[in-house]
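The figures here come from the full heavy-atom set of this structure, side chains too, leaving out hydrogens, waters and symmetry mates. Predicted, not measured: the structure shown is a model, and the values here were computed from it. Order of appearance sets the numbers: ligands from 1, and atoms from 1 within every ligand.
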Amino acid sequence: MTARDLGVHIALAALYFAAGKLGLSLAFIHPSATAVWPPTGIALAALILMGRRFWPGIFAGAFIVNATTAGNAATSLGIAAGNTLEALLGAAVIERFAGGREAFDSPRRFFNFVLAGTVCPVISATMGTGSLWLGGFVPHAEFLSVWTTWWLGDVSGALLIAPLIILWANEPTLSWRPLQWFEAALILAATGAVAWIVFWNPPFFSLAYLSVPILVWTAFRFGRRETAVVLCLLLGLALGATLNGRGPFAADTPHHSLLRLQLFMAIIALTKMSLAIIIWRNLQVENALRRAHEELEERVRQRTQSLREKSLALERSNQDLREFAAAASHDLQEPLHKIANFIELFRQKYSGRIDAEADQIIGYVVDGASRMERLIRDLLNYSRVGQAELAMAPVDMNEALDQAESSLEISIRQCGGRVTRDLLPKVLANETHMVQLFQNLVGNAIKFRAEQAPLVHVSARHRNGEWIFSVSDNGIGIEPKYAERIFGIFQRLHPRSRYGGTGIGLALCRKILERHGGKIWVESEPGKGSTFRFTLPFSGSSPAGSRALAPASPSPDAGR
Ligand code: ADP
């Protein structure tokens, strides 16, 4: 044991002894049994705050206080054992079921604390009264009244004194504003006044409940530890009055008066401490909610800010990229044209005049240059779709398809293909883009043909406020797993040696449709053909030419 521990033991014993003597000075029914026993609260608080290993200090204090009061060494030992066991068990139960020193943090914990503070004193009362009875110091007939007094005295010590000590030990500093000091002084004065009026003056004997508003005031404006102070103060003042035979608790004997006072105080303590705890708890929850709310708001603000910055940066880099792509493609076009023209000239002049190998090389160069031209043209188209405001006007989709077909005329004719259509509607769109759309879709339908001559059918129907266009073919089809991928830029499923192309066409289609508020997808079965569908907002303009295209018309071509 360290010197500090020894000091604590001795101090505890001395405190217990002094409080015990004070309590026993109010013993009327039996020198060892008093209705006011603060040491129970001191012992309980000490073991909860400092640890149960300090029980010997309590044992020593209890033994000395009793040995110097009544009975003999044996009865004092019995009583001291009872007092120590009560404190040990009480502290253990409160730690286990009421959160120890946090017993006043929630109504449920306080309830468990009160249960422990009411039940554990049964040990002390039984062992104490039993020892005295065995020693012949308590007559058989008085056993019950001595036992009851003992038990009540310990209960009020546990319920009034222990909370006071624990609460102030948990939070010993005061950080009141000047006005609060003033209010605290007011409460003190009111407590004194009420105690004097109610507990001392015969005309107001029945007004004991006037102490309630002061406790409620304290609970609301201050807190738990201050409420505990006012409670103890009221107890002290009422005790003084009652012992002088005054106040509402005065009965035929001082012993009975004290019992009545204790009962009153225990009930007031129970209800007003509960109130103080509930108010405190409410405040905690309110504060936690406010903090969480503020934190959330701050996080949302930061997130919005960073999103805004990111989107600005993204927009800038997108713009840079668009300008770069447009400028690069544009500037590349000019020298490429030159190469293509000169090599064509070269071919016309020297073809068949050097040797077969030279002819072949020239062929490669011509092919490479024309592929490069296409690639640059497609890239330029792609980058242009995202730029500037779109010039929108009513576009007759029949005419857009006508234009696309005429630019594809040679390839359609070469493979013996055929393009059929239903009557198509007018839409509000950019005409150039609509022609490009059909060019790519019909061009692909012709290009990715199977063995038989390609048959392409274009149709449109109206559904849920939009037009759904379909371009169906009888070509090689697409595996469903690639249905999404083919709309990405440079995504191709076949080697260039089999099917020429740049891999930009469908990406361009998707971009065009996104800009028009539409979308595109494909439905296909490999080997049987594909149907590309795209949507455009229904502009409300009348369909170009046919009643069959009125919005409500069902179409056999219905897709998803
Ligand atoms: P490109 O036609 O230049 O290769 P696209 O972006 O137009 O590029 O098409 C991407 C890929 O989608 C094509 O390479 C092809 O594999 C597939 N595809 C497009 N249209 C069809 C179609 N009608 N039938 C079968 N496959 C197609």
For [atom], grab the closest protein heavy atom and report residue, atom and distance to one decimal in Å.
{"atom": "atom 17 (C) of ligand 1", "value": "Ile486 CG2, 4.0 Å"}
{"atom": "atom 7 (O) of ligand 1", "value": "Asn444 ND2, 2.8 Å"}
{"atom": "atom 13 (C) of ligand 1", "value": "Phe448 CZ, 3.4 Å"}
{"atom": "atom 26 (N) of ligand 1", "value": "Ile478 CG1, 3.3 Å"}
{"atom": "atom 4 (O) of ligand 1", "value": "Arg492 NE, 2.7 Å"}

- Message: Working note: Lys447 + Asp473, criterion salt bridge (Lys or Arg N to Asp or Glu O under 4.0 Å); need CA distance, chi angles, decisive distance, verdict.
- Response: CA-CA 10 Å; Lys447 182 163 65 177; Asp473 65 45; over 6 Å; no

Of the backbone atoms (N, CA, C, O) and the side-chain heavy atoms from C-beta on, which set of [X] has a member under 4.0 Å from an atom of ligand 1: side chain, backbone, both, or neither?
{"X": "Phe532", "result": "side chain"}
{"X": "Lys447", "result": "side chain"}
{"X": "Leu493", "result": "both"}
{"X": "Leu441", "result": "neither"}

- Message: Val229 and side-chain contact (heavy atoms from CB on, under 4.5 Å): which single residue from Leu167, Leu164, Thr218 fits?
- Response: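 So the option named by the test is Leu164.
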
Indicate yes or no: does [X] engage [Y] in a salt bridge with an N to O separation below 4.0 Å.
{"X": "Glu298", "Y": "Arg301", "answer": "yes"}
{"X": "Glu373", "Y": "Arg377", "answer": "no"}
{"X": "Glu344", "Y": "Arg347", "answer": "yes"}

Is ligand 1 less than 4.0 angstrom away from at least one heavy atom of [X]?
{"X": "Gly475", "answer": "no"}
{"X": "Phe487", "answer": "no"}
{"X": "Asn440", "answer": "no"}

Of all the atoms in ligand 1, which lie at a distance below 4.0 Å from a heavy atom belonging to [X]?
{"X": "Gly477", "value": "25 (C)"}
{"X": "Thr502", "value": "3 (O)"}
{"X": "Gly501", "value": "3 (O)"}
{"X": "His494", "value": "16 (O)"}
{"X": "Gly505", "value": "5 (P), 6 (O), 7 (O)"}
{"X": "Asp473", "value": "22 (C), 23 (N)"}

- Full working for side-chain contact (heavy atoms from CB on, under 4.5 Å) between Leu493 and Arg485: CA-CA 9 Å; Leu493 304 180; Arg485 197 174 113 187; 4.1 Å; yes

- Task: Just do the side-chain contact (heavy atoms from CB on, under 4.5 Å) check on Phe438 and Asp402 with the steps written out, would you?
- Result: CA-CA 9 Å; Phe438 280 135; Asp402 285 343; over 6 Å; no

- Message: Quick check: do Ser459 and Ser470 have side-chain heavy atoms less than 4.5 Å from each other?
- Response: yes

- Query: Checking salt bridge (Lys or Arg N to Asp or Glu O under 4.0 Å) for the pair Arg291/Glu295: CA distance, chi angles, key distance, verdict?
  - Reply: CA-CA 6 Å; Arg291 269 199 305 277; Glu295 223 166 79; over 6 Å; no

- Item | Verdict with supporting geometry, Arg510 and Glu484, salt bridge (Lys or Arg N to Asp or Glu O under 4.0 Å) | CA-CA 11 Å; Arg510 184 160 74 176; Glu484 210 12 70; 3.5 Å; yes

- Item | Between CZ on residue Arg461 and CH2 on residue Trp467, distance to nearest 0.5 Å |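 Arg461 CZ to Trp467 CH2: 11.0 Å, rounded to 0.5 Å.
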
- Of Trp176, Trp280, Trp181, which is the lone residue that meets ring pair (Phe, Tyr, Trp, His ring centres under 6.0 Å) with Phe222?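 Option passing the ring pair (Phe, Tyr, Trp, His ring centres under 6.0 Å) with Phe222: Trp176.
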
- Message: What I want to know is whether Gly503 and ligand 1 share at least one N or O pair that is separated by under 3.5 angstrom.
- Response: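 Indeed, backbone or side chain, Gly503 has an N or O that close.
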
- Message: If you take the nearest heavy atom of each of Thr531, Leu506, Leu375, which one is closest to atom 5 (P) of ligand 1?
- Response: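 Comparing heavy atoms across Thr531, Leu506, Leu375, the nearest one to atom 5 (P) of ligand 1 lies in Leu506.
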
- Nearest heavy atom to atom 10 (C) of ligand 1: which of Arg510, Gln491, Arg498 does it belong to? Gln491

- Begin with the C-alpha distance, continue with both residues' side-chain angles, and end with the deciding distance and a verdict on side-chain contact (heavy atoms from CB on, under 4.5 Å) for Asn112 and Val93. CA-CA 9 Å; Asn112 290 348; Val93 170; over 6 Å; no

